[in-house]
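In what follows, every chain begins at residue 1, and chains take the letters A, B, ... in the order their sequences are listed.
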Number of protein chains: 2
Amino acid sequence: MSEHTRQILVRGRLRITDFRLRLLEVFVASSHSALTQKEIEARIGAHDRITLYRTLKSFEAAQLIHQVVDGSLENKYAFCLHDCPEHRAQEEHAHFLCNQCKTTYCLGSISDLAITVPSNYSLDKVQLALTGTCSACN
Amino acid sequence: MSEHTRQILVRGRLRITDFRLRLLEVFVASSHSALTQKEIEARIGAHDRITLYRTLKSFEAAQLIHQVVDGSLENKYAFCLHDCPEHRAQEEHAHFLCNQCKTTYCLGSISDLAITVPSNYSLDKVQLALTGTCSACN
DNA sequence: CTATATTTGCAACATTATTGCATAAATGAA
DNA sequence: TTCATTTATGCAATAATGTTGCAAATATAG
């Protein structure tokens with residue numbers, strides 16, 4: 001069962017350790033929504049806080065996860081799907097934060113929106129943070 | 001000169017104190033861009049950090065300022081203009097973060113964008129965080 | 001199996017945020 | 001203006017969050 005997560009670490013050229021496998025399991029298990037550090041800590045069980053910080057950094061550097069802007073002013077992390085839109089040159093991603101359950105759903109690409117910036121500005125990244133009530137809470 | 005800021009406090013039904021006037025001056029002086037707490041602390045001079053926390057909360061509760069989502073994962077605050085779009089029922093606001101100078105510009109309303117959410121979701125707030133290089137840095 | 005490089009976990013420390021409380025200040029009423 | 005009441009401020013103590021250095025443990029290559 002951990003063969004899948006092993007593969008992910010190999011692809012990211014990261015050494016395979018128990019802690020990294022455990023952390024990856026957490027992300028894979030909620031790949032549809034983004035997690036706060038608190039939520040991660042609750043799910044991963046006993047652990048060293050410092051190691052978690054560093055492992056999150058390694059994962060982010062290896063592009064296994066990415067930070068999510070959902071309008072909640074909390075830092076959240078999400079697992080990168082294979083062809084992760086966050087890591088294309090022109091990153092365009094929409095997230096939806098439910099006011100009730102505080103879940104952040106990934107809504108995928110928004111590249112079809114017509115976004116323009118003032119002249120002489122150049123645009124690298126478009127993050128769309130939507131807030132409301134999700135279908136589960138409605 | 002502080003008559004203007006006095007008026008703002010009166011409108012917000014807040015008591016007029018030296019510290020609040022000083023903080024308001026800071027916001028009014030950069031009403032075109034959003035400030036991090038660090039930036040505020042640098043501009044306001046000697047102060048008590050706890051008082052700053054509490055005053056920011058009062059200002060936010062009184063809708064004198066609002067928090068800004070600019071994609072930087074840093075909490076920023078901006079002064080509310082009189083007819084502040086952040087405080088309409090359907091809040092729609094775009095901000096632009098410059099990668100070079102880290103300034104966050106307010107780009108105003110985005111209500112003309114066609115945003116749709118999955119069926120059975122309801123939408124309260126739309127925050128568009130744009131990142132790139134501003135004209136000053138280009 | 002061994003040598004090397006990386007990761008982990010602990011300690012110490014730095015930064016950021018919160019709560020309680022006594023003092024100081026602002027406001028409304030006499 | 002002065003006084004009584006309410007609110008804000010600043011300090012102390014504490015909690016929560018994030019960082020750095022280092023020795024021991026672990027993973028990997030040969």
>> Check the orientation of B/Phe27 and B/Tyr77. Use parallel for under 30°, tilted for 30 to 60°, and perpendicular for over 60°.
In response: perpendicular
> By a strict heavy-atom criterion of less than 4.0 Å, which residues belonging to residues 34-48 of chain B are in contact with DNA chain C?
Replying inline: B/Gln37, B/Lys38
> So, do B/Phe96 and B/Thr104 sit near enough that their side-chain heavy atoms are less than 4.5 Å apart?
Replying inline: no
>> Within the structure provided, determine whether B/Gln37 and B/Glu74 are in side-chain contact (heavy-atom separation under 4.5 Å).
In response: no
> Just by modelled atom types, is the B/Asn120 backbone N or O under 3.5 Å from a matching donor or acceptor in the A/Asn138 side chain?
Replying inline: yes
> Does C/dT6 have OP1 or OP2 sitting under 4.0 Å from an N or O in the side chain of A/Thr17?
Replying inline: no
> Does B/Arg49 make a side-chain donor-acceptor contact with the base of D/dG10, cut-off 3.5 Å?
Replying inline: no
> Between A/Thr51 (side chain) and A/His47 (backbone), is there a donor-acceptor pair under 3.5 Å?
Replying inline: no
> Can you tell me how far P of C/dT16 sits from CG of B/Asn75, to the nearest Å?
Replying inline: 12 Å
>> Please determine whether a side-chain nitrogen or oxygen atom of A/Thr55 lies at a distance below 4.0 Å from atom OP1 or OP2 of C/dT8.
In response: yes
> Of the candidate nucleotides C/dC10, D/dT9, C/dA5, which contains the atom at the shortest distance from the side chain of A/Ile50?
Replying inline: C/dC10
>> Output the rounded distance in Å from CD (B/Glu74) to C1' (C/dT16).
In response: 13 Å
> the helix from C/dC1-D/dG30 to C/dA30-D/dT1: angle between its terminal axes, five pairs each, to 10°?
Replying inline: 40°
> Can you tell me if the side-chain N/O atoms of B/Lys57 get under 4.0 Å from OP1 or OP2 in C/dA17?
Replying inline: no
> Starting at CG of B/Leu52 and ending at P of C/dT18, how long is that distance when rounded to a whole Å?
Replying inline: 12 Å
> Has the side chain of A/Arg43 got a donor or acceptor atom that lies under 3.5 Å from a matching backbone atom of A/Val26?
Replying inline: no
>> When you measure from the side-chain N and O atoms of B/Arg15 to the phosphate of C/dA25, is any distance below 4.0 Å, counting only OP1 and OP2?
In response: no
>> Would the base of D/dG18 count as contacting A/Arg54 through its side chain, where contact means a donor and an acceptor less than 3.5 Å apart?
In response: no
>> Within the structure provided, determine whether B/Lys76 and B/Gln67 are in side-chain contact (heavy-atom separation under 4.5 Å).
In response: no
> With distance as the sole test, does A/Glu39 use its side chain to make a donor-acceptor pair with the main-chain N or O of A/Thr36 at under 3.5 Å?
Replying inline: yes
> What's the CZ-P distance between B/Arg20 and C/dA24, to the nearest Å?
Replying inline: 19 Å
> For A/Arg22 and C/dT8, what is the distance between atoms CZ and C1' respectively, to the nearest whole Å?
Replying inline: 12 Å
> Among D/dT9, C/dT8, D/dT28, which is the nearest nucleotide to the side chain of A/Ile16?
Replying inline: D/dT28
> In Å, rounded to the nearest 0.5 Å, how long is the span from CD of B/Glu41 to CZ of B/Arg49?
Replying inline: 6.5 Å
> Nearest-Å distance, OH (A/Tyr53) to P (C/dT8)?
Replying inline: 16 Å
> How would you label the contact of A/Thr51 with the nucleic acid (heavy atoms, under 4.0 Å): base, sugar-phosphate, or nothing?
Replying inline: base
> Separation of A/Phe59 atom CZ from C/dT7 atom P, in whole Å?
Replying inline: 11 Å
>> Please report the distance, rounded to the nearest Å, between CG in A/Leu9 and C1' in C/dT6.
In response: 14 Å
> Quick one: CG on B/Asn75 to NZ on B/Lys38, what's the gap to the nearest 0.5 Å?
Replying inline: 12.5 Å
